[in-house]
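Protein chains get the first letters and strands the later ones, always in sequence-line order, with residue 1 at the start of each. Just so it is clear, the structure is predicted and the values come from calculations on it, not from any experiment.
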Amino acid sequence: MSSMNSERTDGPAVALVDCTSFYASCERVFNPKLADKPVVVLSNNDGIVVAASKEAKAKGFVLGTPFFEIEERVRAGEAYAFSSNYTLYGDLSRRVMETLSLFSPDMEIYSIDEAFLNLRGVTPPERFDAYGREIQRTVRRWTGIPVSVGIGETKALAKIAQHIAKKSPKTGGVLNLAGSPYREQALARTPVEDVWGVGWRFAKFLHRQGILTALDLSRAEDSWVKKHMTVVGLRLVRELRGEPCISMDMAPSPKQQICVSRSFGKLITSRREMDEAVAEYTSRAAEKLRRQHSAAGAVMVFLMTNRFRDEPQYSDSTVIELPVPSDCTQELIRYATAGIGRLFRTGYRFNKAGVVLTGLVPDTEVQLDLFDTKDREGSRRLMRALDEVNTRLGAGTLRYAAAGTIQRWRTKFKRRSPRYSTRWDELPVAGM
DNA sequence: TCTGGGGTCCTAGGACCC
DNA sequence: TCTGGGGTCCTAGGACCC
């Protein structure tokens with residue numbers, strides 16, 4: 001029995017755990033020299049800054065900055081810069097998530113570096129803060145990754161709490177707003193553009209309406225919100241008031257579309273190189289497709305020139321429907337190449353292309369076409385063998401000739417750190 | 001001149017996320 | 001020389017059906 005004079009209600013609460021500057025922290029795990037140093041991590045092709053340690057941010061390195069604009073400062077030793085090493089980040093993410101799963105039976109992995117935990121089983125609510133700190137300590141000790149933790153009655157409030165925890169040192173990276181008298185204060189000090197689900201477009205609109213903070217937004221009228229921000233906005237506003245509307249997604253469903261697109265390491269002008277790149281991207285997409293046991297009903301391909309350059313621009317896309325959904329790489333390459341044939345124009349310098357597999361269905365439910373003469377069982381065995389070899393001996397061990405061998409257009413990663421945790425030949429060396 | 005009404009399905013485009 | 005990649009959800013509007 002709860003005591004008579006207690007006003008608190010032991011309602012639902014969720015924690016949001018977010019890895020601090022995740023990619024930069026990953027680089028530090030196997031390279032202790034980098035501790036407390038400014039570290040930035042670059043996107044594919046060493047294009048822009050996608051992660052920066054707080055030391056790097058303090059020195060004025062800003063997310064989204066093209067690398068060429070900061071290259072000089074990096075050479076001068078103002079920061080350590082790394083190409084993206086997704087193999088390493090993926091592996092460390094898995095370790096973090098495994099650790100987190102011990103703290104709640106209900107966890108939603110929200111992104112590579114974030115997870116929501118249902119705290120239903122953690123009572124009384126006075127324990128939330130200590131529990132958050134225990135999560136933080138454990139993840140740090142077991143994986144080497146620093147995290148911040150926000151707790152609230154809803155996911156949106158947990159996001160607000162985490163946002164404040166990350167920024168204000170005196171919280172030590174953990175803030176609980178569930179059942180807290182500071183909730184309103186927290187909403188009042190959160191600019192509306194920092195609210196989860198408010199992007200730059202709605203932020204601009206809300207500012208014009210005089211809605212400047214999360215608190216203002218939480219007090220907006222339902223019908224007005226629904227009219228201007230659809231039901232998505234309404235759900236968000238209710239969450240800010242402490243009413244759970246966005247449920248936890250514990251078992252992610254298979255993806256509805258699979259996309260592989262990349263900028264080239266050098267501009268492409270020839271049809272042959274474009275065909276190679278698209279064949280390569282299609283192979284990667286087909287691997288993802290088979291990993292989730294789906295088949296694709298349609299292939300979309302697109303290509304584009306570099307919009308930042310002052311030269312003739314062209315971009316287009318096209319969709320090819322398959323007669324029968326397929327997960328077979330060579331068949332998908334054939335359709336993708338046919339699509340590129342429709343789109344390709346000489347006289348342009350192409351910067352990027354991509355392949356999107358859509359109309360996905362479970363591979364067990366493929367509707368066979370009466371006139372389909374293809375040996376489906378044979379190609380299925382071939383794909384299984386291909387995937388097995390590539391899993392065992394490393395990605396790209398077996399590839400399609402259509403993707404080319406020299407691949408001068410391949411994305412550049414000049415500053416990649418070793419894949420310490422997943423490659424025997426790139427293990428870290430201790431001592432010496 | 002005046003051309004129903006309601007339901008469903010699909011797609012393109014917009015908004016958002018990390 | 002050099003500017004990322006991969007997703008989701010919702011809505012409006014058109015096609016189509018009775």
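Glu239(A) places a side-chain N or O within donor-acceptor distance of the main-chain N or O of Ile246(A), the cut-off being under 3.5 Å. Under the 3.5 Å distance criterion, the side-chain polar atoms of Arg133(A) are matched with a main-chain donor or acceptor of Val174(A). Under a 3.5 Å cut-off, the side chain of Glu280(A) and the backbone N or O of Ala403(A) do not form any donor-acceptor pair. A donor-acceptor contact shorter than 3.5 Å is absent between the side chain of Asp106(A) and the backbone of Met248(A).
As judged by a 4.0 angstrom heavy-atom cut-off over every strand, Glu114(A) is placed among residues touching the sugar-phosphate backbone only. At the heavy-atom level, Val195(A) lies under 4.0 Å from the strands shown only through sugar-phosphate atoms. At the heavy-atom level, Asp46(A) lies nowhere under 4.0 Å from the strands shown.
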Kindly determine whether Arg342(A) and Thr318(A) satisfy side chain to side chain donor-acceptor pair (under 3.5 Å), including the steps that lead there.
CA-CA 8 Å; Arg342(A) 284 186 216 161; Thr318(A) 186; 2.8 Å; yes
How far apart are the C-alpha atoms of Asp275(A) and Thr337(A), what are their side-chain angles, what is the distance that settles it, and do they pass the side chain to side chain donor-acceptor pair (under 3.5 Å) test?
CA-CA 6 Å; Asp275(A) 282 349; Thr337(A) 308; 5.1 Å; no
Could you summarise the pairing of DNA chain B as dot-bracket text, marking Watson-Crick and G-U pairs under 3.5 Å with ( ) or [ ] inside the strand and | across strands?
....||||||||||||||
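Residues passing the ring pair (Phe, Tyr, Trp, His ring centres under 6.0 Å) test with Trp224(A) are Phe205(A), His228(A), sequence neighbours excluded. Here Lys167(A) pairs with nothing under the salt bridge (charged side-chain N to carboxylate O under 4.0 Å, His left out) rule; sequence neighbours left out. Listed by chain and residue number, nothing satisfies the salt bridge (charged side-chain N to carboxylate O under 4.0 Å, His left out) test with Glu69(A) (two or more places apart in sequence, or in another chain). Looking at residues two or more places apart in sequence or on another chain, you find no salt bridge (charged side-chain N to carboxylate O under 4.0 Å, His left out) involving Arg137(A).
Just one of Arg241(A), Arg189(A), Arg219(A) meets the salt bridge (Lys or Arg N to Asp or Glu O under 4.0 Å) condition when paired with Glu184(A); it is Arg219(A).
Listed in residue order, the members of residues 257-292 of chain A having a heavy atom less than 4.0 Å from DNA chain C are Gln257(A), Ile258(A), Cys259(A), Val260(A), Ser261(A), Arg262(A), Ser263(A), Lys288(A). Less than 4.0 Å separates DNA chain C from no heavy atom of any residue of residues 410-421 of chain A. Contacts between residues 303-322 of chain A and DNA chain C, counted as heavy-atom distances below 4.0 Å, involve Asn306(A), Phe308(A), Arg309(A). Within residues 57-69 of chain A, the residues approached by DNA chain C to less than 4.0 Å at the level of any non-hydrogen atom are Pro66(A), Phe68(A), in residue-number order.
Below 30°, between 30° and 60°, or above 60°: for Tyr23(A) and Tyr89(A) the angle between ring planes is below 30°, a parallel geometry. Using cut-offs of 30° and 60° for the angle between ring planes, the Phe103(A) and Tyr131(A) rings count as perpendicular.
Place Val231(A) and Pro254(A) on DNA chain C by their nearest nucleotides, and Pro254(A) ends up nearer the 5' end.
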With a cut-off of 3.5 Å and sequence neighbours excluded, list every side-chain donor-acceptor pair involving residues 350-360 of chain A.
none

Extract all donor-acceptor atom pairs below 3.5 Å that involve side chains of residues 262-269 of chain A and protein atoms in other chains or at least two apart in sequence.
residue   : atom : partner   : partner atom : Å
Lys266(A) : NZ   : Glu273(A) : OE1          : 3.0

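Counted within 6.0 Å of CD1 on Ile406(A), heavy atoms from surrounding residues, nucleotides or ligands total 12 or fewer; the atom is thus considered open. Counting non-hydrogen atoms of other residues, nucleotides and ligands closer than 6.0 Å to CD of Glu72(A) gives a total of 12 or fewer. Residue Lys57(A) qualifies as enclosed at atom NZ: its count of foreign heavy atoms under 6.0 Å is above 12.
dG4(B) sits 16 Å from dC16(C) when the C1' atoms are compared, rounded to a whole Å.
Close approach of DNA chain C to chain A, defined as any atom under 4.0 Å from a non-hydrogen atom of the protein, starts and stops at dT1(C) to dT11(C).
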